Number of protein chains: 2
Amino acid sequence: MPKAFAQSTESVDDYLKAIYEISGGQGKAGTSEIARRLRVAAASVTGMLRKLSTLSPPLVRYEKNRGVSLTLVGQRRAVEIIRHHRLLECFLHHALGYEWHEVHAEAERLEHFISEDFEARIAAQLGDPLYDPHGHPIPRKDGSVPRCIDTPLPGVNAGVAVRISRVSDEDPAALRLLASHGVRPNVVLHVVDKPSRRSGVVLRHASQQPFRVSAAVAARIAVEVLNPPQTATHRARKGMAQ
Amino acid sequence: MPKAFAQSTESVDDYLKAIYEISGGQGKAGTSEIARRLRVAAASVTGMLRKLSTLSPPLVRYEKNRGVSLTLVGQRRAVEIIRHHRLLECFLHHALGYEWHEVHAEAERLEHFISEDFEARIAAQLGDPLYDPHGHPIPRKDGSVPRCIDTPLPGVNAGVAVRISRVSDEDPAALRLLASHGVRPNVVLHVVDKPSRRSGVVLRHASQQPFRVSAAVAARIAVEVLNPPQTATHRARKGMAQ
DNA sequence: TACCTAATTTAGTGTAGCCTAAATCACCAT
DNA sequence: ATGGTGATTTAGGCTACACTAAATTAGGTA
């Protein structure tokens with residue numbers, strides 16, 4: 001069996017994943033945003049992009065000063081790594097009892113080193129899950145991605161009911177906080193109030209005490225709007241004042 | 001929590017483990033045997049040994065042309081990696097259904113990257129096992145190693161009953177073969193015959209057909225002698241002819 | 001159009017770990 | 001004592017991937 005991605009290293013994988021997440025798989029990504037994500041100097045990114053574009057097959061399309069995008073081969077690898085990451089998060093949570101704020105760091109390391117066999121075994125044991133513990137869709141083996149509604153919570157108006165769709169897995173403190181308020185994927189909440197542009201959101205479960213989450217934390221939450229009178233995004237598009 | 005082995009890399013870990021296995025933890029190891037195990041050039045080993053001996057704290061004691069030995073810190077790290085490896089083998093076997101010839105390669109990669117937390121969780125889930133699927137003792141968290149009898153099978157006389165103690169995990173083909181004959185740790189067998197010095201060993205279960213294993217495979221098996229009329233080793237020590 | 005600023009690239013380095021080829025060392029047997 | 005042989009080290013290089021500092025480019029604004 002010819003190893004599918006012999007040219008791939010941990011570092012290369014990290015770049016591909018970052019480009020995928022920034023560009024949404026298709027579009028372009030910029031040097032400095034990649035640098036910010038990977039916590040490396042922008043100059044290092046330039047070097048790596050040049051390299052990735054000259055491999056055969058090339059993993060990215062790159063024209064200097066114009067950004068990068070993934071080739072099909074690059075996309076496949078990125079999606080594979082993301083599948084590893086999210087399956088591992090599920091596995092750590094369900095099979096080993098990790099809390100949802102603990103899974104990301106461990107998965108981030110292991111995603112590069114598990115075999116296809118390991119991947120297949122944990123997927124089977126978990127029943128081929130479609131979403132990870134944070135609500136992120138797990139790419140299927142064929143590369144397709146389960147549907148996932150994600151309206152950013154900060155764009156939702158007061159008075160609206162929402163279903164939590166997903167929460168970014170990268171900030172353990174935020175996850176712990178949200179867990180303590182019972183905020184998890186698929187939970188239904190009401191947006192009680194949005195005091196001001198940058199001071200967060202007040203939420204409440206069915207008929208319980210409301211609680212506030214900071215703007216920084218709210219920005220990490222995506223939701224499905226259940227009774228949509230109108231979202232902030234719609235208002236903005238139409239140039240309305242209130 | 002100060003990371004205990006910040007200076008450790010995958011490569012460093014591999015050297016420490018090789019030295020540990022060659023030297024038995026205490027004694028010395030030679031450059032070229034390390035090179036052979038790790039499949040690197042002897043010159044590369046020299047360079048690494050010099051480096052490991054000048055870290056603070058040093059991980060090995062090294063005098064050129066006189067071999068290396070592990071320091072206490074080096075030993076602790078080596079034992080930790082071996083614990084990871086063997087716990088992973090157990091976990092892959094029991095929790096994910098890997099066959100015993102499949103576990104080594106996967107564990108060899110993952111042993112470097114699992115966290116202490118992961119280690120603790122799988123150990124707990126497995127009930128703190130003392131031996132891996134091949135019969136190798138799993139070092140305890142405190143560094144102590146469960147007792148393990150290992151008389152090399154090639155040194156055992158015909159006519160003797162033995163209990164399989166452990167089988168080297170590094171040769172998948174040998175493991176598959178042995179599995180097909182029902183040779184596993186703790187299984188009791190009789191040594192029927194040893195045709196000649198280098199032509200292997202004939203074994204048999206309680207009252208079944210005998211079968212032969214090659215000298216190469218026999219060398220990978222360690223046993224406990226159950227009814228010791230006399231082992232080859234004893235004869236050699238006493239200078240006896242038969 | 002000319003400029004300013006942020007984004008990006010170039011140039012020059014550094015570290016880790018590997019390699020080959022060419023010494024040198026240790027030890028054993030004569 | 002000495003020569004040979006295998007083990008080991010030295011010398012010199014290579015690749016991957018990071019860094020800083022110094023150019024350069026893109027795109028918006030005066």
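Remember, predicted model here, so these are calculated numbers, not experimental data. Letters go in sequence order (proteins before strands), and every chain restarts at 1.
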Between atom NZ in A:K64 and atom C1' in D:dA26, what is the gap in whole Å?
14 Å
For A:E170, enumerate each residue passing the salt bridge (Lys or Arg N to Asp or Glu O under 4.0 Å) test, keeping only those at least two apart in sequence or located in another chain.
none
Identify whether the distance between the nearest side-chain nitrogen and carboxylate oxygen of B:R176 and B:E102 falls below 4.0 Å.
no
Classify the ring geometry between A:F91 and A:F118 as parallel (under 30°), tilted (30 to 60°) or perpendicular (over 60°).
perpendicular
Report the C-alpha separation of B:H136 and B:R86 in whole Å, then their side-chain angles, then the decisive distance to 0.1 Å, and conclude whether the side chain to side chain contact (heavy atoms under 4.5 Å, CB included) test is met.
CA-CA 8 Å; B:H136 296 107; B:R86 295 184 180 166; 3.5 Å; yes
Compute the centroid of each ring, for B:W100 and then for B:H93, and state whether the two points are separated by less than 6.0 Å.
no
Whole angstroms only, please: what is the CG-P distance between B:L59 and C:dA16?
14 Å
Among C:dT9, D:dA7, D:dC17, which nucleotide has an atom closest to any side-chain atom of B:S32?
D:dA7
Answer yes or no: is there a side-chain heavy-atom contact under 4.5 Å between B:L153 and B:I164?
no
Looking at DNA chain D, which of residues 13-31 of chain B put a heavy atom within less than 4.0 Å of it?
B:G30, B:T31
Would you mind reading off the distance between A:I34 atom CD1 and D:dA18 atom P, rounded to a whole angstrom?
12 Å
Just how far, in rounded Å, is P of C:dA16 from CD of A:E10?
17 Å
Would you mind reading off the distance between A:E63 atom CD and D:dT25 atom C1', rounded to a whole angstrom?
14 Å
Ring-ring centroid check B:H84 B:H112, cutoff 6.0 Å
no
A:N65 has a side chain; which of D:dA26, D:dC17, D:dA7 sits nearest to it?
D:dA26
Using distance alone, with no hydrogens and no angle criterion, decide if B:Y98 and B:E106 have a side-chain donor and acceptor under 3.5 Å apart.
yes
Atom-pair distance (CZ on A:R66; P on C:dT9), nearest Å
11 Å
Could you walk me through whether B:K17 and B:E111 pass the side chain to side chain contact (heavy atoms under 4.5 Å, CB included) test, one step at a time?
CA-CA 11 Å; B:K17 194 167 72 147; B:E111 63 186 8; 2.9 Å; yes
Which residues in residues 41-52 of chain B have a heavy atom closer than 4.0 Å to any atom of DNA chain C?
B:A41, B:A43, B:S44, B:M48, B:K51
Where each residue is assigned the nucleotide of DNA chain D containing its nearest heavy atom, which of A:V40 and B:G67 is assigned the position nearer the 5′ end?
B:G67
